[in-house]
Amino acid sequence: MEKMKIKFGYIACVGRPNVGKSTLINKLVGAKLSAVSPKPQTTRRSIIGIKTIKDEKEGKIIQIAFIDTPGIHKPRNELGAEMVKSAIESLKTSNIIYHLIDSSEGIQGEDIDVAENLKSFLKEEKIKIPVFCLLTKIDLVKKEILLPMMEEVGKWNLYAEIIPISALKGDGLDDLIETTERYLPQTDEVLFPYEMISGQPIRIIIQEIIMEKIYNYLHMEIPYSAAVEVEQIEERENGTLYIKATIYVERKNQKKIVIGKDG
Ligand code: GDP
Ligand code: MG
């Protein structure tokens, strides 16, 4: 049998709140997984969904890991240094950037701020990453409104592709995946081989969820440095999921903060 062709990539999703980021990712991944967290620092490297397409007929596997890049919808001078740093970090590790703009609301100042920030980050870091403009919620707008909008964003000289979609109705999503595939690098192996079987990155999601809980409950005491490793996932006969995970902390005194005194 011929070897499967594998493409893998990270995609950073940016856009002001409510443009439809979570809805799109949930739709593409086919499950509700985006860990919604109010604290931007938890999303430093946060994988919010993984889509694996195994096409036996074509002999190819495509795996996409979506990463969240919150909070860059403000003018540059209003962004904290930490925010800028973390946004750049997640952009740098991505192969494609999706910039979502809500077509039903028209182009807003914050959409332009996102575009400007993307431009300046990419320029400063001297990195070339294709940015796709996704005009979302097209089920709510007429073509007459959509076309000038596509023309307008085209003038910004930022986007490699402009794709209208409706995550709700599924419109444009095949086009989105096909176009995305063309931009993804070829690799020797997928990043999440275990999860590939089930099509869902269970282990990674569980790690992210535990990590998120740690930050949500203990964000003052525990700095970034904590890490979670899921070692075992087992479905018990009574239907419960047994998970064995190790939480690594930097200093000994942080251990009792996480697991409690005498824990
Ligand atoms: P986020 O803040 O960018 O993650 O946005 P959400 O995914 O939470 O979506 C914000 C709102 O827009 C929700 O009420 C969604 O149901 C709605 N929404 C998202 N995508 C679509 C779409 O394609 N069509 C319509 N009509 N509504 C959508
Ligand atoms: Mg969201």
Side-chain angles (χ1 to χ4, degrees), residues 10-51 64-75 78-79 83 86-87 89-91 94 96-118 121 131-147 149-150 153 158-159 161-180 200-201 204-205 208-209 211-213 215-216:
Y10 288 100
I11 297 183
C13 294
V14 301
R16 62 184 182 84
N18 268 329
V19 291
K21 298 181 292 296
S22 304
T23 309
L24 173 66
I25 291 162
N26 291 338
K27 178 81 179 185
L28 289 178
V29 173
K32 182 149 184 57
L33 1 120
S34 22
V36 182
S37 169
K39 296 187 191 62
Q41 61 267 35
T42 62
T43 38
R44 182 180 59 150
R45 176 204 51 96
S46 165
I47 295 172
I48 44 181
I50 294 172
K51 181 172 184 65
I64 305 166
F66 294 99
I67 49 179
D68 199 9
T69 315
I72 60 165
H73 54 279
K74 294 264 181 290
E78 288 176 26
L79 295 177
M83 179 69 78
S86 87
E89 268 320 299
S90 48
L91 293 179
S94 62
I96 300 173
I97 299 165
Y98 285 174
H99 177 198
L100 282 73
I101 295 178
D102 182 346
S103 70
S104 72
E105 297 256 301
I107 295 161
Q108 306 276 316
E110 287 187 332
D111 299 318
I112 299 171
D113 289 331
V114 173
E116 301 263 322
N117 287 334
L118 282 177
F121 292 162
V131 185
F132 290 12
C133 179
L134 308 188
L135 291 168
T136 63
K137 310 190 194 179
I138 57 165
D139 54 290
L140 297 174
V141 298
K142 292 207 174 75
K143 268 219 173 71
E144 297 91 88
I145 294 175
L146 199 59
L147 291 177
M149 220 181 281
M150 293 176 75
V153 296
L158 172 64
Y159 306 118
E161 303 283 346
I162 299 165
I163 305 173
I165 61 159
S166 165
L168 206 66
K169 298 269 156 87
D171 296 333
L173 298 186
D174 288 345
D175 182 24
L176 175 62
I177 291 297
E178 263 168 46
T179 311
T180 297
Q200 296 300 339
I204 305 295
I205 292 166
E208 294 290 330
I209 290 170
M211 196 71 162
E212 192 197 355
K213 298 300 168 210
Y215 281 118
N216 281 350

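First listed ligand is number 1; within each ligand, the first listed atom is number 1.
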field: Where Lys21 and Arg16 come nearest, the two heavy atoms and their spacing
entry: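 Heavy atoms of Lys21 and Arg16 come nearest at NZ-O, 3.0 Å.
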- prompt: Of all heavy-atom pairs between Lys51 and Val29, which one has the smallest distance, and what is that distance?
  reply: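 Here Lys51 and Val29 meet closest at N-CG2, 4.3 Å.
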Pairing residues for Asp102 by the side-chain hydrogen bond (donor to acceptor under 3.5 Å, both in side chains) criterion, not counting sequence neighbours: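 side-chain hydrogen bond (donor to acceptor under 3.5 Å, both in side chains) check on Asp102 returns Ser104, Lys137.
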- prompt: Checking only N/O/S atoms, does Ser22 have one that is under 2.8 Å from the Mg ion (ligand 2)?
  reply: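 Under 2.8 Å: Ser22 contacts the Mg ion (ligand 2) through an N, O or S atom.
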task: Output all residues satisfying ring-ring contact (aromatic ring centres under 6.0 Å, His included) with Phe132, sequence neighbours left out; order by chain, then residue number.
output: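 Residues passing ring-ring contact (aromatic ring centres under 6.0 Å, His included) with Phe132: Tyr98, Tyr183.
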task: Sort out the contact shell of ligand 1: every protein residue with a heavy-atom distance below 4.0 Å, listed by chain and number.
output: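 Contacts of ligand 1 under 4.0 Å: Pro17, Asn18, Val19, Gly20, Lys21, Ser22, Thr23, Lys137, Asp139, Leu140, Ser166, Ala167, Leu168.
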For residues 164-171, tabulate all N or O donor-acceptor pairs below 3.5 Å that involve a side-chain atom, not counting sequence neighbours.
{"unit_1": "Ser166", "atom_1": "OG", "unit_2": "Asp139", "atom_2": "OD1", "d": "2.8"}
{"unit_1": "Ser166", "atom_1": "OG", "unit_2": "Lys169", "atom_2": "N", "d": "3.0"}

- prompt: Distance-only, no hydrogens or angles: does the Ser103 side chain make a donor-acceptor pair with backbone N or O of Leu135 under 3.5 Å?
  reply: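 Here the side-chain-to-backbone pair does not exist.
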